[in-house]
Amino acid sequence: MPLARIAVFRTIAYLFIPVDVFLTTAWVRAHAAVPTEYYQPVLVGQWLPLPTPTSTVVHVVQWALVAAAVAAATGRAPRLLGTAVFLLYFEWMVIAMSYGKVDHDRFAFLVALAVLPTIGRARWRDRRPSEAAGWAMAVVLLAVMLTYFLAAWAKMRFGGWDWASGSTLAWAVLRRGTDLATWTLEVPGLLLAAQWVMLVLEFAAPLMLLVRSDRARVALAAFLLGFHLMTFAGVMIIFLPHCVAILSLVPWERVPEAGRRLGSRIGIGERAQVQPAGPAPPD
């Protein structure tokens, strides 16, 4: 894949981290005030000698992560800063998920942070194809796919077929539904059918790996992002880190070219051509 695609996606991913830390998951830093005896590390936190999240540890990880992410977004020292971002975000997620609640929307984003440092330098206008870039984006696509497939597996593992045949979505709409979703409660069988459709689509997620062309990737990204936006509009739930990982499917290197074509269509290029050229240089 072109290195420019990596350069743009890497900037998006790294700049999202301050948004995530201070807005979307601001509750993580509240663990700084939680007594340490409530810390029950997830399995990977039990395997690794990670520090117990005291107040000092939480705040140091928070600010070090934000600083590293902002620095990495500049594109400088991509291997060093990218590795630091991944390790700090990894620890941030261990702190977040070790108090009884584990979110599955972080998996693909965390994988993206892990593979981005393997590519090295990449600039926004560098259209050269890179095998390392292609491998990294294939890994992110695999992680996106597994997020959906393993979500369906978890539904069957913990809820069984009752998840699809019960009142799962009806309960979600009753608890969190907006005006855009409450009408579905009055349509018999609609939410039940939606549950089965959702389950079938999640189990069919491995078909994503057959997507090869850029046009198909854009269509897949639009479909997935549209699904998450629709979910947010209906029940106010959105998986922002996962949505950022989905953006890895977009051929970002084509955006400047598309912008130039759009400009020529609306006449920007033509107006630029008729501007006075100024006095000719002396002989």
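- The neighbour count for Met236 CE, taken as heavy atoms of other residues, nucleotides or ligands under 6.0 Å away, does not exceed 12.
- Between Ser98 and Pro41, some side-chain heavy-atom pair lies under the 4.5 Å cut-off.
- Residues Ile17 and Leu65 meet the side-chain proximity criterion, which asks for heavy atoms closer than 4.5 Å.
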Report task. Apply side-chain contact (heavy atoms from CB on, under 4.5 Å) to the pair Phe107 and Leu146, showing each step before the final yes or no. Result -> CA-CA 9 Å; Phe107 173 63; Leu146 285 174; 4.0 Å; yes
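- Outside the 6.0 Å centre-distance limit, the rings of Tyr38 and His31 are not counted as a close aromatic pair.
- Distance alone, capped at 3.5 Å, is enough to place a donor-acceptor pair between the Thr178 side chain and the Ala233 backbone.
- The shortest heavy-atom contact between Asp126 and Arg128 is OD2-NH2, 2.6 Å.
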Report task. Mind running ring pair (Phe, Tyr, Trp, His ring centres under 6.0 Å) on Trp63 and Phe22 for me, showing each step along the way? Result -> CA-CA 10 Å; Trp63 289 108; Phe22 293 119; 5.4 Å; yes
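- Distance check: Arg106 CZ to Leu113 CG gives 11.0 Å after rounding to the nearest 0.5 Å.
- Going from atom CZ of Arg215 over to atom CG of Leu220 covers 15.0 Å, rounded to the nearest 0.5 Å.
- To the nearest 0.5 angstrom, Asp105 atom CG is 8.5 Å from Thr147 atom OG1.
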Requested in this report: Determine, stepwise, if the pair Phe232 / Leu240 fulfils side-chain contact (heavy atoms from CB on, under 4.5 Å).
Outcome: CA-CA 10 Å; Phe232 179 72; Leu240 279 180; over 6 Å; no
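- Side chain of Glu91 to backbone of Val61: no donor-acceptor contact under 3.5 angstrom is found.
- Side-chain atoms of Trp252 do not come within 3.5 Å of backbone N or O of Val8 as any donor-acceptor pair.
- Counting heavy atoms from C-beta on, the side chains of Trp163 and Met198 come closer than 4.5 Å.
- Here the closest heavy-atom approach between residue Thr168 and residue Asp162 is recorded as OG1-O, 4.4 Å.
- For Trp47, the CH2 atom sits in a loose shell: 12 or fewer heavy atoms of surrounding residues, nucleotides or ligands are nearer than 6.0 Å.
- Residues Arg29 and Ile95 fail the side-chain proximity criterion, which asks for heavy atoms closer than 4.5 Å.
- Under the 4.5 Å side-chain criterion, counting only non-hydrogen atoms from C-beta, Met137 is in contact with Ile6.
- The aromatic rings of Phe90 and Phe86 lie tilted to each other, with the angle between the two planes from 30° to 60°.
- Between Ser130 and Ala133, the shortest heavy-atom contact is OG-N, 3.1 Å.
- Looking at Leu225 and Cys243, their side chains come closer than 4.5 Å, going by heavy atoms from C-beta outward.
- Ring geometry for His228 versus His242: interplanar angle over 60°, hence perpendicular rather than tilted (30 to 60°).
- In terms of heavy-atom proximity, Gly234 sits nearest to Ala181 at O-CB, 3.3 Å.
- The shortest distance between side-chain heavy atoms of Pro53 and Tyr99 falls below 4.5 Å.
- Remark: Asp214 engages Arg5 in a salt bridge, criterion side-chain N to carboxylate O under 4.0 Å.
- Arg79 contributes a side-chain N or O that, together with a main-chain N or O of Thr118, makes up a donor-acceptor pair within less than 3.5 Å.
- Side chain of Thr25 to backbone of Val28: no donor-acceptor contact under 3.5 angstrom is found.
- Annotation for Trp92 and Val58: closest pair CZ3-O, 3.6 Å, computed over non-hydrogen atoms.
- Cluster annotation: Val21 and Leu23 are assigned to the same hydrophobic cluster (Ile/Leu/Val/Met/Phe/Trp/Tyr, side-chain heavy-atom contacts under 4.5 Å, transitive).
- Taking CG from Leu201 and CH2 from Trp196, the interatomic distance works out to 13.5 Å, rounded to the nearest 0.5 Å.
- For Phe223, the CZ atom counts as loosely surrounded, since its 6.0 Å shell holds 12 or fewer non-hydrogen atoms of other residues, nucleotides or ligands.
- Under the 4.5 Å side-chain heavy-atom criterion for ILVMFWY residues, no single connected hydrophobic cluster contains both Phe227 and Leu207.
- Residue Val60 is not grouped with residue Val70 when hydrophobic side chains (ILVMFWY) are merged at heavy-atom distances under 4.5 angstrom, including chains of intermediate members.
- At least one side-chain heavy atom of Asp103 sits less than 4.5 Å from a side-chain heavy atom of Lys101.
- Look at Glu202 and Lys155 and you find a salt bridge, because one of the NZ, NE, NH1 or NH2 atoms lies within 4.0 Å of a carboxylate O, short of that distance.
- Both Leu209 and Trp135 belong to a common hydrophobic cluster when Ile, Leu, Val, Met, Phe, Trp and Tyr are linked at side-chain heavy-atom distances under 4.5 angstrom.
- The CG atom of Leu192 sits 9.0 Å away from atom CG of Leu169, with the distance rounded to the nearest 0.5 Å.
- Listed here is the closest heavy atom pair of Ala172 and Val235: O-CG1, 4.0 Å.
- By the neighbour-count criterion of 12 heavy atoms within 6.0 Å, atom CD of Glu131 is sparsely surrounded, having that number or fewer from other residues, nucleotides or ligands.
- The CH2 atom of Trp153 lies 7.0 Å from the CZ atom of Phe203; values are rounded to the nearest 0.5 Å.
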Query raised in the report: Could you go step by step and tell me if Tyr14 and Leu81 meet the side-chain contact (heavy atoms from CB on, under 4.5 Å) rule?
Result: CA-CA 10 Å; Tyr14 291 150; Leu81 291 174; over 6 Å; no
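- Between Phe109 and Tyr89, the gap from one ring centroid to the other is short of 6.0 Å.
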Query raised in the report: Going through the distances and angles, do Ile237 and Arg176 end up as a side-chain contact (heavy atoms from CB on, under 4.5 Å)?
Result: CA-CA 9 Å; Ile237 296 176; Arg176 307 174 59 97; 3.4 Å; yes
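- Linking Ile, Leu, Val, Met, Phe, Trp and Tyr residues whenever their side-chain heavy atoms come within less than 4.5 Å leaves Met208 and Val218 in two separate clusters.
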